[in-house]
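First up is the structure itself, then whatever we jot down about it.
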Amino acid sequence: MKKTEVLFTKEQIKSKVKELAQIITNDYKDKNLLIVSLLKGSFIFTADLVREIDLDLRIEFMVTSSYMLSEESKGVVKIEHDLNCDIKEYDVLIVDDIIDTGYTMEFVYNHLIKREPKSLKMLTFLDKPSRRVVELNADYTGYKVEDVFIVGYGLNSGHYYRNIDHIFIFV
Ligand code: IMP
Ligand code: MG
């Protein structure tokens with residue numbers, strides 16, 4: 001594996017996950033929390049986050065994939081696996097690893113809002129605001145990052161590096 005710059009250490013990740021989980025525990029204590037985790041990228045983050053949330057909650061998964069039609073045209077988001085449950089009784093929180101252009105989160109938000117959940121919010125561990133194409137801000141954000149390509153902690157390059165326990169800049 002290439003030697004590259006560490007952006008967030010295992011310890012930094014752990015403390016940010018705890019901080020987010022405490023906020024969610026507080027904000028959702030009187031609610032009926034359903035976490036919708038977007039695979040594959042957020043599988044490790046979701047597993048860590050939910051174990052730090054001190055509430056009864058439900059977890060479901062969606063699998064999304066995205067690609068650019070061409071350099072300047074719109075990003076295309078595809079749902080590879082959809083939710084197969086009714087969400088009307090739930091306060092739904094969409095959880096993803098990173099918001100980049102915003103296409104994925106926007107698409108999933110618009111998809112789920114049609115199913116009339118009690119409430120619908122977005123949480124992302126990482127955010128690259130300088131890369132945003134659609135106007136969208138997550139309700140909860142872990143770390144903001146510059147416009148660099150990062151891997152580890154669920155994030156991949158060519159399907160690899162998801163298992164690395166810290167986040168590093170891939171060059
Ligand atoms: P979007 O552009 O906001 O729709 O993000 C699409 C997906 O691109 C994210 O869910 C990530 O899986 C992936 N992605 C964006 N930036 C990075 C990165 O720096 N490293 C690895 N994956 C990324
Ligand atoms: Mg993702």
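Nothing here was measured: the structure is a model prediction, and the numbers come from that model. Counting convention: from 1, in listed order, for ligands and their atoms alike.
- For Thr104, there are no side chain to side chain donor-acceptor pair (under 3.5 Å) partners at least two apart in sequence or on another chain.
- Against a heavy-atom cut-off of under 4.0 Å, Asp97 is close to the following atoms of ligand 1: 10 (O), 12 (O).
- If you number the atoms of ligand 1 from 1 as listed, the ones under 4.0 Å from a heavy atom of Ile98 come out as 9 (C), 10 (O), 11 (C), 14 (N), 15 (C), 16 (N).
- For ligand 1, the atoms closer than 4.0 angstrom to any heavy atom of Val148 are 19 (O).
- Under 4.0 Å from ligand 1, the heavy atoms of Asn156 that appear belong solely to its backbone.
- Aromatic pair Phe8/Tyr153: centroids not less than 6.0 angstrom apart.
- Ligand 1 places these atoms under 4.0 Å from at least one heavy atom of Asp96: 10 (O).
- With Arg132 contributing its side chain and Asp100 its backbone, the two residues share a donor-acceptor pair below 3.5 Å.
- Of all atoms in ligand 1, numbered sequentially from 1 with element shown, those under 4.0 Å from a heavy atom of Thr104 are 1 (P), 4 (O), 5 (O), 6 (C).
- Atom numbering of ligand 1 starts at 1 in the shown order; those under 4.0 Å from a heavy atom of Lys128 are 16 (N), 17 (C), 18 (C), 19 (O).
- Residue contacts with ligand 1: Ile150 is placed with a nitrogen or oxygen under 3.5 Å of a nitrogen or oxygen of the ligand (distance criterion only).
- For residues 23-35, the set of pairs meeting the side-chain hydrogen bond (donor to acceptor under 3.5 Å, both in side chains) definition, not counting sequence neighbours, comprises Asn26-Lys29, Asp27-Tyr140.
- Annotation: side chain of Val36 is not in contact with side chain of Tyr90 (no heavy-atom distance under 4.5 Å).
- Looking at Leu33 and Ile24, their side chains come closer than 4.5 Å, going by heavy atoms from C-beta outward.
- Side-chain contact check for Leu126 versus Leu155: some heavy-atom pair is nearer than 4.5 Å.
- Not a single N or O atom of Phe149, backbone or side chain, sits closer than 3.5 Å to an N or O atom of ligand 1.
- Proximity of Met105 to ligand 1, defined as any heavy-atom pair under 4.0 Å, is not found for any part of the residue.
- Taking a cutoff of 4.0 Å between a charged side-chain nitrogen and a carboxylate oxygen, Lys16 and Glu19 qualify as a salt bridge.
- Close approach of ligand 1 to Ser66 (heavy-atom distance below 4.0 Å) involves ligand atoms 6 (C).
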